[in-house]
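Structure, as structure tokens:
Residue numbers count from 1 along this sequence. Source: prediction; values computed, not measured.
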Amino acid sequence: MLARLYKWATKPTEDNAYERVFNFKGGKEYTAMRYHLMSLAEEAEVDMTIMEIMCILNNMDKNNEKFIYATCCVPPLFMHSILERYGPRYIDAKTGLPRDISTTEDMDPLRYIDANKLKSAPYVFTPILFAKHWWLYVLDVNNKKFYALDSLNTKSPSSDRNKIGRFASSVLNQIRVRAGATTIFPNKTRAVAELQEFREKYVEHILYHSKNYYRHKAIKALNSVTRQPKPSTALQSPYTQLNTADLESGKSDAS
């Protein structure tokens, strides 16, 4: 089922590119069009909206204990707004330290992130897009370390990346302090590989999320358009048809 859903959601299309397939409210309204999901196709550049939605869903997920207690995701649009504001001046030339963002009240991430979650989570992370490449910054609170999880680079490829990394670690630390946590001093980076299966799971999680008003479209598509021309006897059975009850009960495939 996952493979069929992924194929349907990422198939190139012009007529339905602006069809709404996701909508929910979490602090503010989030909407995804078909072309946003198409950005999760293999080797495509993942759209910023997709990463933003995944961050918000992660913070709201109450069905996975790891997400509830262990992680807090800072939306990439907030981080990119901070990066754009300071441009190349991520590091203060006089002090050699990352810039202080305490005066950026107009871009307060606490508008969209629960302060208690941000303060208590042992891992705070944020996706970053730079030079058409995504990677993930992770602040390891308990061990006071900062990781750059990058599928293409095991070491920082440029001085600009080094500056962004230092600044991003400081930003994550500063917004935790703004939420009421104590300060930490991250001091290390490393990299890990990205897997294609993440993209497929993103599609499933976004379209089938209980807060998505349009998830019936994905269910209908899997039950009709994406079915093979000559389905097996088992697939022709009405008992294999997906519906919202299946999703609520945790069933993910026909059997």
Side-chain angles (χ1 to χ4, degrees), residues 26-27 46 51-83 86 90-92 95-105 107-130 133-157 161-195 197-198 201-202 205:
V46 180
M51 301 305 290
E52 185 84 357
I53 288 175
M54 287 305 302
C55 261
I56 301 302
L57 294 184
N58 172 85
N59 291 337
M60 296 177 61
D61 198 333
K62 297 182 179 179
N63 297 319
N64 190 317
E65 291 188 0
K66 291 183 179 179
F67 287 160
I68 295 175
Y69 303 110
T71 67
C72 181
C73 183
V74 176
L77 286 177
F78 165 78
M79 285 298 296
H80 279 267
S81 295
I82 291 291
L83 292 174
Y86 287 93
Y90 307 123
I91 308 299
D92 191 309
T95 65
L97 298 175
R99 295 281 181 176
D100 181 4
I101 66 164
S102 60
T103 59
T104 59
E105 295 295 337
M107 292 190 293
D108 187 356
L110 298 184
R111 295 177 182 176
Y112 312 113
I113 306 175
D114 182 85
N116 290 326
K117 184 178 181 68
L118 179 59
K119 179 174 63 176
S120 61
Y123 296 98
V124 180
F125 57 85
T126 186
I128 291 290
L129 177 63
F130 181 75
H133 174 56
W134 282 99
W135 68 90
L136 186 71
Y137 281 137
V138 180
L139 189 65
D140 183 346
V141 176
N142 294 335
N143 295 309
K144 298 183 178 181
K145 295 181 179 180
F146 183 67
Y147 304 125
L149 307 185
D150 190 333
S151 61
L152 295 183
N153 304 288
T154 57
K155 296 181 179 180
S156 182
R161 280 282 299 269
N162 285 330
K163 292 179 180 178
I164 293 175
R166 288 188 63 196
F167 183 60
S169 67
S170 176
V171 169
L172 294 182
N173 184 51
Q174 290 182 59
I175 63 176
R176 285 187 68 256
V177 172
R178 185 179 293 183
T182 57
T183 186
I184 65 171
F185 301 95
N187 57 12
K188 188 177 181 181
T189 61
R190 70 178 183 181
V192 297
E194 174 191 29
L195 300 177
E197 64 184 87
F198 289 164
K201 289 181 179 179
Y202 284 171
H205 190 52

Looking only at heavy atoms, what is the nearest atom pair of V74 and I175, with distance?
CG2-CD1, 3.5 Å
Kindly indicate, with the supporting measurements, whether the criterion side chain to side chain contact (heavy atoms under 4.5 Å, CB included) is fulfilled by D150 and H133.
CA-CA 9 Å; D150 190 333; H133 174 56; 2.7 Å; yes
Looking only at heavy atoms, which two atoms of P127 and L136 are closest? And how far apart?
N-CD1, 3.6 Å
Considering non-hydrogen atoms only, spot the tightest contact between L149 and W135 and give its length.
O-CB, 3.4 Å
Return the minimal non-hydrogen interatomic distance between R176 and T182, and the atom names on each side.
NH1-O, 3.2 Å
Between CG on residue N59 and SG on residue C72, distance to nearest 0.5 Å
4.5 Å
Separation of K145 NZ from S169 OG (nearest 0.5 Å)
14.5 Å
Can you tell me how far apart OG1 (T126) and CG (L77) are? Round to the nearest 0.5 Å.
9.5 Å
Return the CD1 to CG distance between I184 and N143, rounded to the nearest 0.5 Å.
9.5 Å
Just jot down the side-chain contact (heavy atoms from CB on, under 4.5 Å) partners of I91, sequence neighbours excluded, or say none.
P98, K163, R166
Closest non-hydrogen contact found for I101 with Q174 is N-OE1, 2.9 Å
Is there a side-chain contact between I82 and F167, using heavy atoms and a 4.5 Å cut-off?
yes
Within the side chain of H205, is there an N or O that forms a donor-acceptor pair under 3.5 Å with the backbone of M54?
no
Looking at side-chain heavy atoms only, is the closest gap between C73 and L57 below 4.5 Å?
no
Approximate separation, where rounding is to 0.5 Å, of Y123 OH and L172 CG:
14.5 Å
Point-to-point distance, once rounded to the nearest 0.5 Å, from CG of N58 to OG1 of T71
4.0 Å
Between D100 and Y86, which heavy-atom pair has the shortest distance, and what is it?
O-OH, 3.0 Å
